[in-house]
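Take a look at the structure below.
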Amino acid sequence: MIVGILILFLLPLAVHAALYAGKDRPASFDDADWSSVGMLPPADADRDARFLVFTGRTGRWKGIFAVHRTLFSKPRH
């Protein structure tokens, strides 16, 4: 019973950790590319108000468990 529970919870975590470790990632926070990815149009391109939520994996081992949220709001012009 306990072995089954361990397999149910630890096996997926171990697989995810192995997949995460196998990806090419920057070695440190300073080495990461912090330039814009261009997902959003310029604010003056649209007059409507917007509220956007973006998520992305956090770095290193925390990325196995968590995501980072970024909130953007733009008032109507």
Side-chain angles (χ1 to χ4, degrees):
M1 169 95 172
I2 292 177
V3 172
I5 291 172
L6 288 175
I7 290 173
L8 180 67
F9 288 104
L10 294 181
L11 183 62
L13 183 60
V15 169
H16 192 280
L19 292 173
Y20 181 83
K23 291 184 180 178
D24 184 29
R25 302 193 186 280
S28 71
F29 185 84
D30 295 329
D31 294 336
D33 179 10
W34 294 106
S35 61
S36 174
V37 296
M39 290 176 60
L40 295 174
D44 58 359
D46 190 4
R47 297 183 53 95
D48 293 337
R50 292 184 183 220
F51 183 77
L52 302 167
V53 179
F54 290 99
T55 61
R57 291 276 174 204
T58 59
R60 298 194 181 213
W61 64 269
K62 295 177 287 190
I64 297 170
F65 304 102
V67 294
H68 173 77
R69 289 182 304 276
T70 305
L71 308 173
F72 296 95
S73 64
K74 181 182 95 66
R76 187 170 191 266
H77 281 72

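Just the heavy atoms: all of them, side chains too, but no hydrogens, waters or symmetry mates, feed the values below.
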> Got a sec, which residues hit side-chain contact (heavy atoms from CB on, under 4.5 Å) with A45, two or more places apart in sequence or on another chain?
Replying inline: P41, P42
> How does the hydrophobic cluster around V37 look, that is, which other residues are in it when side-chain heavy atoms under 4.5 Å mark a link?
Replying inline: M39, L40, L52, F54, F72
> By the rule that ILVMFWY residues connect when side-chain heavy atoms come within less than 4.5 angstrom, directly or transitively, which residues belong alongside L71?
Replying inline: F51, V53
>> Hydrophobic cluster membership, with links at side-chain heavy-atom distances under 4.5 Å among I/L/V/M/F/W/Y: are L13 and V3 in one?
In response: no
> Among all residues two or more places apart in sequence or in another chain, which pass the side-chain contact (heavy atoms from CB on, under 4.5 Å) test with L8?
Replying inline: none
> Mind checking what makes side-chain hydrogen bond (donor to acceptor under 3.5 Å, both in side chains) contact with S35, not counting sequence neighbours?
Replying inline: D33
> Looking at OG1 of T55 and NE2 of H68, how far apart are the two atoms once the value is rounded to the nearest 0.5 Å?
Replying inline: 10.0 Å
> What side chain to side chain donor-acceptor pair (under 3.5 Å) pairs are there with at least one residue in residues 37-46, not counting sequence neighbours?
Replying inline: D46-R50
> With the 4.5 Å side-chain cut-off for hydrophobic clustering, are L19 and L11 part of the same group?
Replying inline: yes
